[in-house]
2 protein chains.
Amino acid sequence: MDEGRRAARRQVLQVAAKLLEEGGSEAVSTRAVAAAAGITAPALYRMFDDKDGLLAELAAYGFEMYLAEKREALALTPDDPVADLYRGWDLHVDFGVQHPAFYMLMYGTVRPGRRPPAADEAHALLVRLLGRAADAGRLRVPVEQATRVILAATTGATLALIGEGPSERDLTASARLRDTVIASVTTDPPASPGSDLASRALALDAALETALTAGSPAADAGVPLRATETALLREWLQRLAG
Amino acid sequence: MDEGRRAARRQVLQVAAKLLEEGGSEAVSTRAVAAAAGITAPALYRMFDDKDGLLAELAAYGFEMYLAEKREALALTPDDPVADLYRGWDLHVDFGVQHPAFYMLMYGTVRPGRRPPAADEAHALLVRLLGRAADAGRLRVPVEQATRVILAATTGATLALIGEGPSERDLTASARLRDTVIASVTTDPPASPGSDLASRALALDAALETALTAGSPAADAGVPLRATETALLREWLQRLAG
DNA sequence: CTCGTCCATGGAACAACGATATCGCATTTT
DNA sequence: AAAATGCGATATCGTTGTTCCATGGACGAG
């Protein structure tokens with residue numbers, strides 16, 4: 001009857017999860033969990049060794065919920081690895097603001113020595129996402145480094161959002177940080193040569209314009225071309241941009 | 001004799017800080033602090049109302065240390081607001097990894113309702129730094145938003161570094177995130193027209209190169225210039241870059 | 001069917017914690 | 001000088017994490 005054991009554990013974890021979501025981490029005491037689960041304190045101590053053991057399994061339970069949500073939502077996108085990164089960020093932040101106590105338990109409790117082993121699954125999911133991006137040639141840094149950067153930024157943004165009350169919550173900062181960080185580790189989709197040429201030509205033309213009109217007369221001292229040459233150059237630039 | 005009160009408070013806070021740094025947050029119990037400070041529990045409860053009050057003032061004490069370090073180090077730079085942002089990031093992270101327990105108390109304890117009032121000083125310092133950058137025209141987003149973005153990214157990076165053991169600590173991720181985030185809210189320094197021209201000319205030349213060598217022969221279909229014209233254009237671009 | 005052994009169980013208890021009331025003493029006031 | 005007042009320390013309360021020990025039931029042997 002080992003199955004009964006696991007079912008009992010799961011039921012205890014469910015009631016502990018309910019206590020955590022409703023009353024925060026302070027509501028999760030061994031006595032409260034045991035009483036709410038209809039068992040006695042020593043029984044709970046036989047299931048999970050410590051309170052730390054209970055909290056560790058509770059965190060694992062949270063990661064299960066998190067991964068279930070995330071996998072379900074990510075399965076919809078067929079194959080755009082970078083778009084999956086954006087969706088992954090938003091799902092992570094959403095989970096954090098909708099389950100703040102769980103999120104604090106899962107990501108906010110950092111102890112210099114301890115690393116929650118349950119977090120490795122979520123870590124692996126992010127690594128897999130980034131691995132697919134790397135396989136598609138859309139990553140400009142190693143997967144390992146991209147993982148660290150994205151994870152740090154995501155948890156920072158989520159914890160900041162949790163810290164603000166639900167009223168003054170400003171999602172634009174999270175969105176900005178998301179766009180910036182993801183753009184910094186990924187590369188743009190292969191653009192058509194024409195548009196790339198066009199933008200660069202326009203930029204060079206604008207730079208020439210400012211260089212020529214900066215200091216009134218004889219301003220072309222910084223431009224190592226004759227006036228006729230720059231004129232023809234700018235005409236070609238216009239044609240490239242067109 | 002109100003001064004004696006404040007001196008006593010300060011001494012209690014100092015011994016509490018020592019307990020915190022040596023034994024982590026678990027070592028900071030009202031009894032331990034009172035015993036180590038040579039006072040009794042009720043005396044400690046008269047100085048600070050609650051344990052939360054003690055922890056709040058302890059966090060304020062930490063922010064004092066933090067701001068002292070930061071102001072001292074930042075005073076050295078005369079006036080390059082964006083460089084100050086980089087230094088501010090590194091100082092923040094350094095403080096976090098060197099005082100993990102204090103950092104967790106100051107930045108890691110986020111409760112949906114409570115905001116530590118002592119953090120406002122550090123927040124104000126960052127706002128001041130960003131305000132100077134904005135005055136210098138180096139900010140491309142409002143100060144408020146830049147503050148949120150930088151603070152979230154910094155705390156995320158620092159908490160991640162604290163979470164890793166002191167052995168496998170990887171500072172490159174923090175540096176990469178720092179460069180990315182700061183670059184995303186600031187604008188490049190007004191470059192001299194010459195160097196600006198040079199970089200843009202080089203970029204356009206590279207784009208031309210890829211456009212020409214992309215698809216084997218007759219690749220100049222996307223370049224609306226004759227072969228001789230592109231040759232002369234590229235020569236001028238080289239001269240601009242030189 | 002009865003008995004004995006083994007083991008999970010749960011009530012009770014221990015230690016430490018946050019927090020407070022009661023008592024004694026010193027100082028001040030009339 | 002006697003009463004009043006304010007302060008600090010001892011003792012205490014309720015709660016938490018954790019464990020001990022007696023109890024009771026399950027299960028195999030005779």
Side-chain angles (χ1 to χ4, degrees), chain A residues 1-61 101 104-105 108-109 111 113-114 116, chain B residues 1-61 101 104-105 108-109 111 113-114 116:
Chain A
M1 222 196 246
D2 193 16
E3 186 177 335
R5 299 288 168 192
R6 245 175 307 186
R9 283 173 81 94
R10 191 136 193 99
Q11 188 245 345
V12 171
L13 285 179
Q14 280 177 6
V15 55
K18 188 170 182 176
L19 284 179
L20 179 64
E21 300 236 34
E22 291 176 355
S25 66
E26 295 183 356
V28 182
S29 71
T30 60
R31 282 179 159 82
V33 170
I39 64 175
T40 60
L44 189 145
Y45 271 84
R46 264 183 293 277
M47 293 190 197
F48 319 92
D49 288 7
D50 262 7
K51 184 184 186 181
D52 283 338
L54 170 66
L55 292 184
E57 292 223 30
L58 196 56
Y61 185 84
M104 294 279 328
L105 176 65
T109 307
R111 270 164 303 202
R114 304 276 313 165
Chain B
M1 227 203 238
D2 192 18
E3 187 176 337
R5 299 287 166 192
R6 247 175 307 187
R9 283 174 81 94
R10 191 137 194 98
Q11 188 246 344
V12 171
L13 284 178
Q14 280 177 6
V15 55
K18 188 169 182 177
L19 284 179
L20 178 65
E21 300 237 33
E22 290 176 354
S25 64
E26 294 183 358
V28 182
S29 71
T30 60
R31 284 178 156 83
V33 170
I39 65 175
T40 61
L44 189 145
Y45 271 84
R46 263 184 294 278
M47 291 190 198
F48 320 92
D49 286 7
D50 262 6
K51 183 183 186 181
D52 282 338
L54 170 66
L55 292 184
E57 292 223 29
L58 195 56
Y61 185 85
M104 293 279 325
L105 177 64
T109 307
R111 270 163 303 199
R114 304 276 314 166

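Convention: sequence-line order gives letters A, B, ...; per-chain numbering from 1.
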Derivation and outcome, side-chain contact (heavy atoms from CB on, under 4.5 Å), residues B:F48 and B:T30: CA-CA 10 Å; B:F48 320 92; B:T30 60; over 6 Å; no
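- Protein atom CZ of B:R31 is 10 Å distant from nucleotide atom C1' of D:dT12, rounded to whole Å.
- The NZ-P distance, from B:K51 to D:dG14, rounds to 21 Å in whole Å.
- For the pair B:L55 CG and C:dG18 P, the computed distance is 9 Å after rounding to whole Å.
- As rounded to whole Å, 17 Å separates atom P of C:dG18 from atom CZ of B:R46.
- Whole-Å rounding puts the B:L54 CG to C:dG18 P distance at 9 Å.
- Taking a 6.0 Å sphere around CG of B:D52, one finds it holds more than 12 heavy atoms contributed by other residues, nucleotides or ligands.
- For C:dG18, the OP1/OP2 oxygens have a side-chain nitrogen or oxygen of B:T30 closer than 4.0 Å.
- Closest non-hydrogen pair, A:L44 versus A:L54, comes out as CD2-CD2, 4.4 Å.
- Atom CD of B:E26 and atom P of D:dT16 are 18 Å apart (whole Å).
- The side-chain contact (heavy atoms from CB on, under 4.5 Å) test with B:S25 is passed by exactly one of B:L55, B:L105, B:L20: B:L20.
- Between the P atom of C:dT9 and the OH atom of A:Y45 lies a distance of 16 Å, rounded to the nearest Å.
- Counting to the nearest Å, the C1' atom of C:dT20 and the CG atom of B:D49 are 14 Å from each other.
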